[in-house]
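Along the sequence shown, residues are numbered consecutively beginning with 1. Everything quoted here is computed from the prediction, not taken from an experiment.
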Amino acid sequence: MRLMIEAPWMHRPRPHLGSPVDAVLHGAPTTLAELRALRMQLRTVLADGGRPPGARDDDLDRLLLVFEELVSNALRHGRGPVRVAVSDAGSGWLVEVSDAAGNSPPVLALDRDAALGGLGLHLIAKLSGAHGWTAEDDGRKVVWARVDVTEEAARSRNSIGAAAGPTSPPAQPTAVGASGRTAAGTAARARPTGSRRESAGPDRAVAAGKGRLRGLRTAPGRVSVIVTAVVLVITVVLAWLASAVNANNKQRLLAQQVDQAATLLATQVAVIQTQMLDAGQVADATNGSPEPFTRFAAATAIWPGMSFSLWRVNGDQVEQVALHGPDPQAPEEDRDTFLAGLEPTGQLAVAGIVQRPEPRLAYALMPAEQTGDLVVYAEVPLDRQVSVEAGDAFGGLDMAVFLGRGTDADQLVQATAPLPIRGDTVTTRVPFGDTTFTVVAASRIGLTGPLSATLPWIVLGVGGVLAVAGGMTAGSLARRRTTAERLAADNEQLYRQQRGIAGTLQHALLPEVASVDGIEVAARYVAGVDELEVGGDWYDVIPGPSGRSVFVVGDVSGQGLAAATTMAALRFAVRAYVAQGDDVATVLTKLRGLLDVSVDHQFATVLLGELDPVAGLVRVVSAGHFGPLLMTGGRAEFLDCAVAPPVGVATPAPPAVAEARVSGPTTLLAFTDGAVERRGEVIDAGLERLRSTAAAANAQPLPTVLDHLMQMPDVDGGRDDTVILGLRWTS
């Protein structure tokens, strides 16, 4: 049933993939051997991890099958050069094959030998999420197919701000002044505020929980009855809706299938119109020369046994000029009268159905604005009774196509069942030249399937079970309200205890920075996690002999007690090594022996510096840490120092010491990554933000400078643990 069950590829634009397009493979094969090589290359590329999320081996096999069928069809039946491109379409792949065949659509052929190709296009249509073809401005035709993956990997997208609800105020940083102790004024003002904020959250949660529990103080039996009744009412309504939807779907699906058949028929009509127009243009361009017309007809004839002829009309005189296929069977007088009455409009004119000796559909076309008086005439044999297998397209429909607006048996074009079509029918019409095709169809099977028919009863059964279970659950919840209230109170007390322990431990680990002659010292610390966690960031300033001092800023990987324990061990180890008289390079070398990432599953970035205020000398070593920021003479620049691997990562190379000489008023800022790193932002942007903010505030007192730095914007209301240590030469 060529007019209805053969699914020609529609003229559709290619899907828009956005920019830039992630290309997987490009190629221009000229032989089937080169096609096989490209196929192996595509498999290798995708086997190395270049697949969309969730793509399985079955999806890759479908892609390779679609790729090979499209390209082989273009090589066998297209016009070279053939080009192929495979692109990542997000949830699958887009395969695009182009040739120089222009506006000629891909032609399917059910009666062609499978070895000659063409049958694969049916398979691609079933395997593809979407498919079609389009004509390009450069005269090339692009046949495309989108292969979607059958499963997509689940992606967890957790937003801290969204998950937490309204963003809570940022934690107050701990301020350390020149004396090395917490600034009394800041601490005295910040701590009560923090205490109120700390207690407000749990109190509100417990109060809200108690309010909800009091709302459940209804008789358990009454709650069960109410819940059961509500669920049963909802179940009955859903069952009625399922029944109504099933009935509506039956009629809607039938109308959709008839519309699909009409679309296929309209596409075939467009092919016929194009074929006749092209034949007329060939005849007009060659002034009716028989040989070019015959060659064109032989190359474009669609159906076996089709009569394709060229006629010259001069008034009432009609003369045959060329013929491809069998002689026309229409009565000569009727045919000549029909041809003589045509006008050069370029529109298809239908002569009707020739009944004898075999039914044929006859139509003709006179090219518009032609220079001569030529007419293209065609007769197509009709196979009126066809059978469609149950698994094929429209296999569940009884369908008939008639010429004209009526349903007379002598105007039948094709039918899949005896006439008349019985049952609840749907009728639609498709324009065909100066007349129409009338399509009449009815379904002989249940289009919605057995599940849809039994769905109302399934809803009733499941709803009844849920009603009973819901009533029992509601009663159980009501009976357990006392237990819930007791657990809420216990949780509140436990939360307060844990919060107090964590806060005490965190503040105990903060150093008391000693005063240094000739240098003003200030520091800021804020935890980037909730108040039940402790962090691994630390800072320290250690006075040394001869007026020299050592400062350290470090960051241990991870959070919690494990990170805090490692941080404390490294901090006290640095103090011990400095007390032995070791320089900063030796201290860093010794620290490497205290931590092994393969054993302890932790590492630490450390910045060690030695200050000589009298000589104006700064010596710095870094183990995976940012270099300090030096601000002197109106300039603010990061000290360029070699970065060794973090402590815990084995390396044989000794640390490199970077030196800088300063004169006049100078400020040095050492910091951890929480001061500069933001999610979704390159690190250079964070470093520049820190540099410009510090430079703009450098004229102010050192604690004010650090306050400005701690107020730099965060992302999603949070950041990592942050330490900023400031040292300013006062003489």
Side-chain angles (χ1 to χ4, degrees), residues 1-6 110-111 261-262 264-266 268-269 271-273 275-276 279 297 300-311 313 316 318-343 347-366 375-388 394 397-422 425 427-442:
M1 183 180 174
R2 188 172 287 103
L3 285 175
M4 288 186 289
I5 68 171
E6 207 179 81
L110 294 176
D111 52 356
L264 296 179
L265 188 57
Q268 196 69 20
V269 168
V271 172
I272 292 173
Q273 176 82 16
Q275 179 189 36
M276 297 293 285
T300 59
I302 300 177
W303 294 281
M306 177 180 180
S307 175
F308 209 9
S309 55
L310 178 65
W311 299 76
V313 179
D316 295 336
V318 178
E319 176 187 3
Q320 180 174 296
V321 178
L323 173 66
H324 171 73
D327 293 332
Q329 295 186 10
E332 182 176 348
E333 181 179 352
D334 295 342
R335 181 193 64 219
D336 292 349
T337 302
F338 169 70
L339 295 178
L342 294 179
E343 298 292 337
Q347 297 297 319
L348 197 67
V350 181
I353 296 179
V354 180
Q355 302 292 344
R356 296 181 181 179
E358 63 177 0
R360 284 174 169 263
L361 178 62
Y363 48 87
L365 182 143
M366 177 176 284
V375 176
V376 180
Y377 177 74
E379 291 183 358
V380 179
L382 297 178
D383 184 8
R384 286 182 160 174
Q385 291 295 328
V386 296
S387 60
V388 183
F394 313 113
L397 299 183
D398 290 337
M399 190 181 305
V401 179
F402 301 90
L403 181 63
R405 303 185 67 84
T407 57
D408 297 336
D410 58 350
Q411 296 300 310
L412 177 66
V413 177
Q414 281 183 341
T416 63
L419 298 181
I421 301 299
R422 301 184 181 278
T425 62
T427 301
T428 188
R429 290 180 173 84
V430 177
F432 178 50
D434 55 0
T435 184
T436 60
F437 282 131
T438 297
V439 181
V440 181

Value rounded to 0.5 Å, distance of [atom1] in [X] from [atom2] in [Y]:
X      : Y      : atom1 : atom2 : value
Arg429 : Thr438 : CZ    : OG1   : 4.0 Å
Arg360 : Ile353 : CZ    : CD1   : 13.0 Å
Thr425 : Leu397 : OG1   : CG    : 12.0 Å
His324 : Leu310 : NE2   : CG    : 13.5 Å
Arg384 : Thr416 : CZ    : OG1   : 15.0 Å
Leu361 : Ile272 : CG    : CD1   : 7.0 Å

For the residue pair [X] and [Y], establish whether any side-chain heavy-atom pair is separated by less than 4.5 Å.
X      : Y      : result
Gln329 : Pro357 : yes
Asp334 : Phe338 : no
Leu323 : Pro328 : yes
Gln273 : Leu365 : yes
Leu419 : Phe402 : yes
Asp410 : Gln355 : yes

Hey, can you tell me if Phe432 and Tyr363 have their rings parallel, tilted or perpendicular (30° and 60° cut-offs)? perpendicular
Evaluate side chain to side chain contact (heavy atoms under 4.5 Å, CB included) for Gln347 paired with Asp434, printing each intermediate quantity in order. CA-CA 8 Å; Gln347 297 297 319; Asp434 55 0; over 6 Å; no
Val313 and Leu342: CA distance, side-chain angles, deciding distance, side chain to side chain contact (heavy atoms under 4.5 Å, CB included) verdict: CA-CA 9 Å; Val313 179; Leu342 294 179; over 6 Å; no
State, to 0.1 Å, how close [X] and [Y] come at their nearest heavy-atom pair, and which atoms those are.
X      : Y      : result
Thr435 : Gly404 : OG1-CA, 3.7 Å
Met276 : Tyr377 : CE-N, 4.3 Å
Ala262 : Thr428 : CB-CG2, 3.9 Å
Gly305 : Pro326 : O-CG, 3.6 Å
Gln414 : Asp383 : CG-O, 3.4 Å
Leu403 : Gly352 : CD2-CA, 3.8 Å

Evaluate the side chain to side chain contact (heavy atoms under 4.5 Å, CB included) criterion for residues Leu412 and Gln385: first the C-alpha distance (whole Å), next the side-chain angles of each, then the deciding distance (0.1 Å), finally the verdict. CA-CA 9 Å; Leu412 177 66; Gln385 291 295 328; 4.0 Å; yes
Hey, is the main chain of Pro381 close enough, under 3.5 Å, to the side chain of Glu358 for a donor-acceptor pair? no
